[in-house]
Participant: 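Below is the structure I would like to discuss, written out as structure tokens.
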Amino acid sequence: MKNRKALGWGEFILGILLIIIGIYTLIKPYGTIRGVTFIYGLAALITGIIDIIFYVKLENRFGVSPVPALVGGIISIIAGLLILFNLGIGTWVIVVLFPIWFIAHCIARLAHLPFIRITSGTGNYYFTLFVNIIGLVLGIMMIFDPVISFFSIGYLIGIYLIFLGIDNIVFALNLLDSL
């Protein structure tokens, strides 16, 4: 029960961080990447840690767990560490690895859907499904045209991050409420 509470608070903090990043991205979609690089790296690192914790918790509790959550968590942590420890490559990381992180995180969240339906209900299930399908499409678009799409869909990325943050907060509140 204590672990579930910690996971709930982790999801809540991540949700707030994602909303802040989304709002910042909406305000300055063409702003300097270097200034935002640290925040994106921190978000990727926290997201990866939470995905791996989720994987371990499901493995311990049910004996099986979604492997995409583990893979997504590992990729998120690698991307976050690359960004945090070498801010000079921030532009490259954002343009190349940010879409991969988007895709990995969306796949991990889609793997969580059965658990979300059980703990949070059908409404949150469909919201999570919708938000992560949009994230997959944005990630794929950014891979095929990384530079142009990064600047042209800055607003969409900001809106997506806000939705993703709301999704994390709703999931966290459901986790905390069920204690």
Side-chain angles (χ1 to χ4, degrees), residues 3-23 25-26 40 43-77 79-80 97-145 149-150 152-179:
N3 293 334
R4 225 171 140 185
K5 187 175 183 179
L7 179 63
W9 281 111
E11 287 281 336
F12 186 79
I13 292 168
L14 178 61
I16 290 172
L17 182 63
L18 289 171
I19 290 172
I20 291 169
I21 293 169
I23 291 169
T25 303
L26 282 175
Y40 282 123
L45 184 64
I46 292 170
T47 300
I49 291 169
I50 288 174
D51 284 344
I52 290 173
I53 289 171
F54 183 77
Y55 171 85
V56 170
K57 298 287 181 205
L58 283 180
E59 182 69 33
N60 290 339
R61 187 167 186 172
F62 299 110
V64 293
S65 56
V67 174
L70 178 63
V71 173
I74 291 169
I75 291 173
S76 292
I77 288 173
L97 291 182
F98 189 66
I100 294 170
W101 171 64
F102 243 57
I103 292 168
H105 182 69
C106 290
I107 290 171
R109 289 300 271 191
L110 289 171
H112 299 166
L113 282 176
F115 179 72
I116 290 171
R117 179 175 256 167
I118 292 169
T119 60
S120 302
T122 306
N124 193 32
Y125 170 85
Y126 285 115
F127 183 75
T128 301
L129 179 67
F130 174 74
V131 166
N132 287 289
I133 288 174
I134 289 174
L136 282 173
V137 170
L138 289 175
I140 292 168
M141 285 174 58
M142 288 186 285
I143 283 178
F144 283 118
D145 199 358
S149 65
F150 181 77
S152 67
I153 62 173
Y155 294 108
L156 291 175
I157 292 170
I159 291 168
Y160 170 73
L161 289 172
I162 290 170
F163 280 145
L164 187 60
I166 292 169
D167 180 46
N168 279 50
I169 289 173
V170 169
F171 182 61
L173 293 176
N174 283 317
L175 278 175
L176 293 171
D177 187 44
S178 65
L179 297 177

Participant: Drop me the distance from Ile21's CD1 to Tyr160's OH, to the nearest 0.5 angstrom.
Facilitator: 12.0 Å
Participant: Would you check if Phe115 and Phe171 make a side-chain contact, meaning some heavy-atom pair closer than 4.5 Å?
Facilitator: yes
Participant: Going through the distances and angles, do Tyr55 and Asp51 end up as a side-chain contact (heavy atoms from CB on, under 4.5 Å)?
Facilitator: CA-CA 6 Å; Tyr55 171 85; Asp51 284 344; over 6 Å; no
Participant: Could you list the residues that satisfy side chain to side chain donor-acceptor pair (under 3.5 Å) with Asn132, not counting sequence neighbours?
Facilitator: none
Participant: Can you tell me how far apart CD1 (Ile20) and CD1 (Ile162) are? Round to the nearest 0.5 Å.
Facilitator: 11.0 Å
Participant: Are the side chains of Val131 and Ile166 in touch, meaning some heavy atoms are under 4.5 Å apart?
Facilitator: no
Participant: For the CG atom of Leu18 and the CG atom of Leu14, what is their distance to the nearest 0.5 Å?
Facilitator: 4.5 Å
Participant: Between Arg117 and Thr122, is any pair of side-chain heavy atoms under 4.5 Å apart?
Facilitator: yes
Participant: Can you confirm whether Ile52 sits close enough to Leu70 that some side-chain heavy atom of one is under 4.5 Å from a side-chain heavy atom of the other?
Facilitator: yes
Participant: Which residues pass the side-chain contact (heavy atoms from CB on, under 4.5 Å) test with Leu136, sequence neighbours left out?
Facilitator: Ile103, Cys106, Ile107, Leu110
Participant: Using every non-hydrogen atom in the two residues, find where Ala172 and Gly8 come nearest and quote the distance to one decimal.
Facilitator: CB-O, 3.0 Å
Participant: Tell me every residue that passes ring pair (Phe, Tyr, Trp, His ring centres under 6.0 Å) with His105, counting only those two or more places apart in sequence or in another chain.
Facilitator: none
Participant: Who passes side-chain contact (heavy atoms from CB on, under 4.5 Å) against Ile133, sequence neighbours left out?
Facilitator: Leu129
Participant: What class does the angle between the rings of His112 and Phe54 fall in, given that below 30° is parallel, 30 to 60° is tilted and above 60° is perpendicular?
Facilitator: tilted
Participant: Using the test side-chain contact (heavy atoms from CB on, under 4.5 Å), find all partners of Ile49 that sit at least two apart in sequence or belong to another chain.
Facilitator: Leu45, Ile53, Ile77
Participant: Give the minimum heavy-atom separation between Thr47 and Ser76, together with the two atoms involved.
Facilitator: CG2-OG, 4.3 Å
Participant: At what distance, to the nearest 0.5 angstrom, does CG of Leu161 lie from CG of Asn168?
Facilitator: 10.5 Å
Participant: Which heavy atom in Gly165 sits nearest to a heavy atom in Ile19, and how many Å separate them?
Facilitator: CA-CG1, 3.8 Å
Participant: What pairs with Asp167 under salt bridge (charged side-chain N to carboxylate O under 4.0 Å, His left out), at least two apart in sequence or on another chain?
Facilitator: Arg109
